[in-house]
Each structure stands twice: as C-alpha cells, then as structure tokens.
Amino acid sequence: YGGAVYYGSSNNGIIELSEFIENSAKTSGGAVYYTSSNNQTIRESKFSKNEANGTGSNNGGGAVYYSSSKNGRIDDSEFNENVAAKQGGAVCYYGTGNNAAKGTTSSNGGAIYWGSPDGAVKNSEFTENSAQGSGGAICVNAANIHLISDSPFSNDAANGSTSSNG
C-alpha cells in the first residue's frame, strides 16, 4: 500500500509542490495511499509513471488511492502515464477528483474510479485515458455525485461491454 506515502487514520494533511515518479505498490496507491483519512489535500503536485499492481476487486489508484476517506481534494496537479491493474489509472477514490490525468490505463475509470457519494471534480483535464472495463475517463459507481464542472475530456475510450458505469 502506498509506494511512497501511506497515511493511516490521519486528518488535514497536505502534500504540496511535490513530485512522485516511478513508484509502485503491490496492491493500491502506486505513490500515495490514504486510509480512514479525512480532509487530505494534494496541491500543485505531479505524479508520473506510478503503478498499482493489485488485481483484487477494490484495488487501484495508479498514483493515489483513497480508502474509507472523506473530503479528499486534489487541486492544480498533473497525472501522467500512471497505471492501475484494476480501478482508477490515476486516482481511485472512495471520494473526489484529480487534475490533468493524461495517458493512464486501468480496468474501470481510465483516469478516475469514483466509488463514493461525496467529492467533486473541478477544473480538471482528462486526455488519452483508456479503461478496459467501463468509463474511459471516469467510472462512477456511486449515487449523489456532487459536482463535475469545467472538465474537458478528449481522446478517452472505454472498451468494456457493460453500460451501467461510465
């Protein structure tokens, strides 16, 4: 869990002006893993070529993974060429969004797998993401999505056979 950083039961943490390159995790959170952590902020950071290799049903987050977390926030950050064997090539959130996720691949949600009713995606860019399951850019598997705004999507693809997600 968390190739570079693991936050367990931590609140109000900030990762700022940081760079995570070529980190890997056997399960989830190639670079950063949050569990039972609330109000975590990632700001003005870059995640490149990180990977999460777990193939379990809840594994994912090539760059960042949130588990049992609320109100996570990612602002003004870039996600390039991150890979997850399952959900969320860049971010797997049982929570919020990401910015500038480019060239990511996963089973569901090429850029983001969103499996929680809280959170928002704002001012984010999704380019050249692909998912083997559902949701070329975003796979939403939760009700009551609060907000997706000012977020362009281009050259994203979903190759799955289901129509219930994405």
Side-chain angles (χ1 to χ4, degrees), residues 1-52 54 56-80 82-84 86-102 104 106 108-126 129 135 137-153 165-166:
Y1 298 105
V5 177
Y6 177 92
Y7 280 91
S9 301
S10 172
N11 294 321
N12 305 313
I14 297 174
I15 293 175
E16 187 171 32
L17 299 169
S18 298
E19 204 166 335
F20 297 87
I21 302 169
E22 296 182 3
N23 296 285
S24 67
K26 288 183 181 179
T27 54
S28 297
V32 177
Y33 185 95
Y34 293 114
T35 184
S36 302
S37 299
N38 299 322
N39 305 314
Q40 298 295 342
T41 300
I42 295 173
R43 186 178 315 139
E44 297 180 43
S45 294
K46 185 175 183 177
F47 296 82
S48 300
K49 299 181 180 180
N50 298 289
E51 58 184 62
S57 62
N58 291 325
N59 291 145
V64 180
Y65 186 91
Y66 290 88
S67 172
S68 302
S69 297
K70 285 188 176 181
N71 302 316
R73 185 175 179 94
I74 299 174
D75 295 318
D76 302 315
S77 296
E78 293 183 27
F79 294 83
N80 301 299
N82 298 288
V83 177
K86 280 303 253 185
Q87 287 82 251
V91 177
C92 184
Y93 189 76
Y94 290 95
T96 196
N98 83 324
N99 293 4
K102 298 179 182 180
T104 59
S106 72
N108 287 315
I112 297 174
Y113 176 82
W114 188 337
S116 178
D118 68 309
V121 176
K122 297 179 183 178
N123 301 317
S124 300
E125 179 184 331
F126 302 93
N129 300 289
I138 298 176
C139 179
V140 176
N141 196 15
N144 303 318
I145 299 165
H146 289 113
L147 180 65
I148 297 176
S149 67
D150 300 321
S151 299
F153 297 87
N165 297 324

So the salt bridge (Lys or Arg N to Asp or Glu O under 4.0 Å) pairs with at least one residue in residues 12-30 (sequence neighbours excluded) are Glu16-Arg43

How long is the gap from [atom1] on [X] to [atom2] on [Y], to the nearest 0.5 Å?
X: Asn23; Y: Phe47; atom1: CG; atom2: CZ; value: 9.5 Å
X: Asn12; Y: Asn38; atom1: CG; atom2: CG; value: 8.5 Å
X: Tyr7; Y: Tyr34; atom1: OH; atom2: OH; value: 5.0 Å
X: Ser18; Y: Lys46; atom1: OG; atom2: NZ; value: 13.5 Å
X: Asn82; Y: Ser24; atom1: CG; atom2: OG; value: 12.0 Å

Can you tell me if Tyr1 has over 12 outside heavy atoms packed within less than 6.0 Å of its OH?
no

Write down the atom of [X], the atom of [Y], and the distance for their closest heavy-atom approach.
X: Tyr33; Y: Ser67; answer: OH-CB, 3.6 Å
X: Tyr65; Y: Asn59; answer: CE1-C, 4.3 Å
X: Gly30; Y: Ala52; answer: N-CB, 4.0 Å

With a 3.5 Å distance limit and no angle check, can you tell me whether [X] reaches the backbone of [Y] through a side-chain donor-acceptor pair?
X: Gln40; Y: Gly13; value: yes
X: Ser36; Y: Ser9; value: no
X: Gln87; Y: Gly61; value: no
X: Ser28; Y: Gly60; value: yes

Within the structure provided, determine whether Tyr6 and Thr35 are in side-chain contact (heavy-atom separation under 4.5 Å).
yes

Check whether any side-chain heavy atom of Ile15 sits under 4.5 Å from a side-chain heavy atom of Phe20, and report yes or no.
yes

Yes or no on side chain to side chain donor-acceptor pair (under 3.5 Å) for Asn39 and Asn11, after CA distance, side-chain angles and deciding distance?
CA-CA 6 Å; Asn39 305 314; Asn11 294 321; 5.6 Å; no

